[in-house]
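What follows is a single structure, written as structure tokens, with notes after it.
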Amino acid sequence: HNSSPAEPRKMAPTVNQVNQHIKDTRKIYYSALAGFLLTCLCLLCLKWLIFGDESVADILGAPKATPMSHIALTPMSRSGGNPSHIVVRSMVQSKESTQSDIAHMTNFFNKIYVGPLSIGTPPQQFDNVVFDTGSADLWVLAAASNVHADYLSYFVSKASTTYSVLADSAWNIAYGTGSASGVAGTDTVCIAGLCADQQIFAAASNVENMDISQYEPQDGICGFARQEASTLDGDTLMSSLMANAQNSQGKFAFYLSKHADGGSKLILGDDVHDARYYASSQLETFAVNDDIDYEIGGLWSVHLSGIRAHDYALITDARNIDSDTQFISAIFDTGTTYIGVPSSQYHRFMTELTKDRPDCKSESGSSDDVYVCQDVINPTKNLPVIEFMASNVDGESVTMHLDAASYLDDSNELGFMPLPGLNIWILGDSFLKNYYSVYDVKQSQISLAPSTYNDKLLSSLMVTVLIVAIITVSILLLLAIVRYFVTHSQIKYLNQNSLLLNQNQNENGNGNVNQG
């Protein structure tokens, strides 16, 4: 006799329990199906709101120009700041293949734009050269430079069979910030597939206050200002390319990207008017005017007739310009990150610019420093559109607009800086990345048109998020479908077992009655 208690019998689920399980599974299935369809609908609405009637191919392909009014140059506006202003992005150098007459540049955090050129025979490559319209000298780091870093390139004179040092070789240059000095010589210089033999340049052995770092690498500077601005005793690179008929028209253009590492370009020669990069119907041409309040000539300078921001107004006929002359001097400078403001105007200008943004303050507390905004959630809120006014070559008044998302940089700094002791405005990259700029050396003219801007970083980020969302919902839908059919097959099995169980219970009950 076994006195141990019998193990409890495991009861099979009842038909009601199975049916309830089926209902729950069906709810999951229909919920997943509704979520999938709703997600698709949301994606279509989002695509329509952002890109309008553009096809997916158009969105992922080359940007197209947006029609605008004839006179007012209004670059494509964005409703917010850089989506990565609180995320440090990895530096990815442009991997685009070199096309003849085009030098593909790299944008490092909207702080510095650099591009490639080569010097010597055989060619020594320099990938991080600043293409600078604010100066005219060409120089690269010498092998015996005081700047040492493995991410930089250096010119080794002994390695070039065509290098020749000048008799009067001592060279030095001073910039708004920083200076360089070294030895001048000649060699073969190539840029964007165009080459100049016996081109004068300098190998810099001493560089000071250039803020060269891995995040702002700089192998040297290639000046694109006009001949008068050169400190070297010889032709500038552009003058040499014009003389040997490789760029006979003396034209070049810059397309500077926003927030994307790649995409920026220097275009040389007759193909500068490439409508892929700008709104061609909005191209406006301005005459270079050397009559400016600055001691260096040969720069890409114009006269502005006015600048407005909120209640700030600097107008040539309002007698509020701190100068004996009644005009506003401005220089287009791709080698300067921010927009330079005369120190006499800076405090009033920044006060008006930030009057509705108390969180935007000077970094050091001084009114003569760069301003930083603390609101990283809505960084462009209540910051005004700035208007720069000038007359084109036809005498028409042109207004160029700069929205807050354009002059607010990735670190939430406002893209303006004071220029102590100067009475000129420097329109640096904060301005020029919004406009495709064409420079005509022969005609002494500058042409501007709003860049056809397609933020590849934002587009690729959005596309990635959408793809992940679609894949996630699709997986959930697939799992729900599988679960539904698996459970449906289990119903038949459980129903059959339930019938057999009931039949066995009935037979056992009848047997017990007979024994009794």
Side-chain angles (χ1 to χ4, degrees), residues 61-65 75-76 78 82-84 89-117 125-135 151 191-194 215-224 237-238 251-269 271-279 300 332-339 402 405-407 409-410 415 427-439 446-460:
K64 294 185 177 180
M76 296 181 180
R78 292 170 285 143
N82 180 10
S84 64
R89 297 186 290 110
S90 62
M91 296 180 299
V92 181
Q93 295 229 350
S94 174
K95 299 299 182 183
E96 298 177 86
S97 59
T98 300
Q99 179 180 343
S100 180
D101 300 351
I102 296 180
H104 296 281
M105 303 168 66
T106 302
N107 174 4
F108 283 92
F109 303 101
N110 283 349
K111 295 289 188 182
I112 186 173
Y113 293 82
V114 296
L117 58 77
Q125 187 70 20
F126 299 87
D127 291 326
N128 299 314
V129 178
V130 177
F131 297 155
D132 179 21
T133 58
S135 67
Y151 53 83
I191 182 171
L194 307 179
Y215 303 101
E216 296 182 34
Q218 188 173 328
D219 298 333
I221 293 178
C222 182
F224 280 87
L237 180 57
M238 276 299 300
K251 294 181 180 179
F252 61 94
F254 281 97
Y255 176 80
L256 303 181
S257 66
K258 298 179 179 179
H259 312 302
D261 297 328
S264 300
K265 296 174 178 67
L266 163 66
I267 304 172
L268 298 169
D271 296 331
V272 292
H273 296 293
D274 192 329
R276 291 178 299 173
Y277 306 124
Y278 68 97
W300 295 102
F332 295 97
D333 185 359
T334 57
T336 296
T337 302
Y338 288 160
I339 295 173
L402 195 66
S406 298
Y407 60 75
D409 81 350
D410 292 355
L427 303 182
D429 297 336
S430 293
F431 178 90
L432 289 170
K433 65 188 177 184
N434 300 280
Y435 291 95
Y436 184 79
S437 55
V438 180
Y439 304 81
I446 305 168
S447 299
L448 298 173
S451 296
T452 49
Y453 170 57
N454 182 18
D455 196 330
K456 293 183 180 180
L457 174 66
L458 179 59
S459 298
S460 61

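The figures that follow rest on heavy atoms only: side chains count, while hydrogens, waters and symmetry mates do not.
To the nearest 0.5 angstrom, Asp429 atom CG is 7.5 Å from Thr336 atom OG1. Note that CE of Met238 and OG1 of Thr133 are 12.0 Å apart. Values are rounded to the nearest 0.5 Å. To the nearest 0.5 angstrom, Phe332 atom CZ is 5.5 Å from Phe431 atom CZ. Here the CG atom belonging to Leu432 is positioned 7.5 Å from the CG atom belonging to Leu448, to the nearest 0.5 angstrom. Separation of atoms OG1 (Thr106) and CG (Asp127) is listed at 8.0 Å; rounding is to 0.5 Å. Of the inter-residue distances, the one linking Arg276 atom CZ with Tyr436 atom OH reads 9.0 Å to the nearest 0.5 angstrom.
Summarising the geometry of Tyr338 relative to Ser430, their closest heavy-atom pair is CD2-OG, 3.5 Å, with the distance given to 0.1 Å. Closest heavy-atom contact between Thr334 and Asp132: OG1-CA, 3.5 Å. Closest approach of Thr452 and Ala279 over heavy atoms only: CG2-N, 4.0 Å. Counting all heavy atoms, side chain and backbone alike, Ser406 lies closest to Leu402 at CB-CD1, 3.9 Å. Between Leu117 and Cys222, the shortest heavy-atom contact is CD2-CB, 4.0 Å. Residue Ala192 comes nearest to Leu268 through the heavy atom pair CB-CD1, 3.9 Å, listed as atom of the first residue, atom of the second, then distance.
Considering only heavy atoms from C-beta on, Phe109 stays 4.5 Å or farther from Glu216 through its side chain. Counting heavy atoms from C-beta outward, Lys433 and Ser451 have side chains that stay 4.5 Å or more apart. Asp101 is not listed as a side-chain neighbour of Ile267, based on a closest heavy-atom distance of 4.5 Å or more. The closest side-chain heavy-atom distance from Tyr277 to Lys265 is below 4.5 Å.
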Decide yes or no on side-chain contact (heavy atoms from CB on, under 4.5 Å) for Val129 and Val114, but give the supporting numbers first. CA-CA 5 Å; Val129 178; Val114 296; 5.9 Å; no
Should Tyr255 and Met105 be marked as a side-chain contact (heavy atoms from CB on, under 4.5 Å) after you check the CA-CA gap, both sets of side-chain angles, and the distance that decides it? CA-CA 9 Å; Tyr255 176 80; Met105 303 168 66; over 6 Å; no
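Taking Asp219 as the reference, nothing meets the side chain to side chain donor-acceptor pair (under 3.5 Å) condition, with sequence neighbours excluded. Considering only residues two or more places apart in sequence or on other chains, Phe131 meets the ring pair (Phe, Tyr, Trp, His ring centres under 6.0 Å) condition with Phe224. By the ring pair (Phe, Tyr, Trp, His ring centres under 6.0 Å) test, Phe126 pairs with no residue at all, sequence neighbours left out. Ser437 pairs by the side chain to side chain donor-acceptor pair (under 3.5 Å) definition with Tyr439, not counting sequence neighbours. The side chain to side chain donor-acceptor pair (under 3.5 Å) search around Thr337 returns none, not counting sequence neighbours.
Side-chain atoms of Tyr113 come within 3.5 Å of backbone N or O of Ser257 as a donor-acceptor pair.
Using bins of under 30°, 30° to 60° and over 60° for the plane-to-plane angle, the ring pair Phe252/Phe254 lands in the perpendicular bin.
Remark: the Asn434 side chain and the Lys258 side chain contain an N/O donor-acceptor pair separated by less than 3.5 Å.
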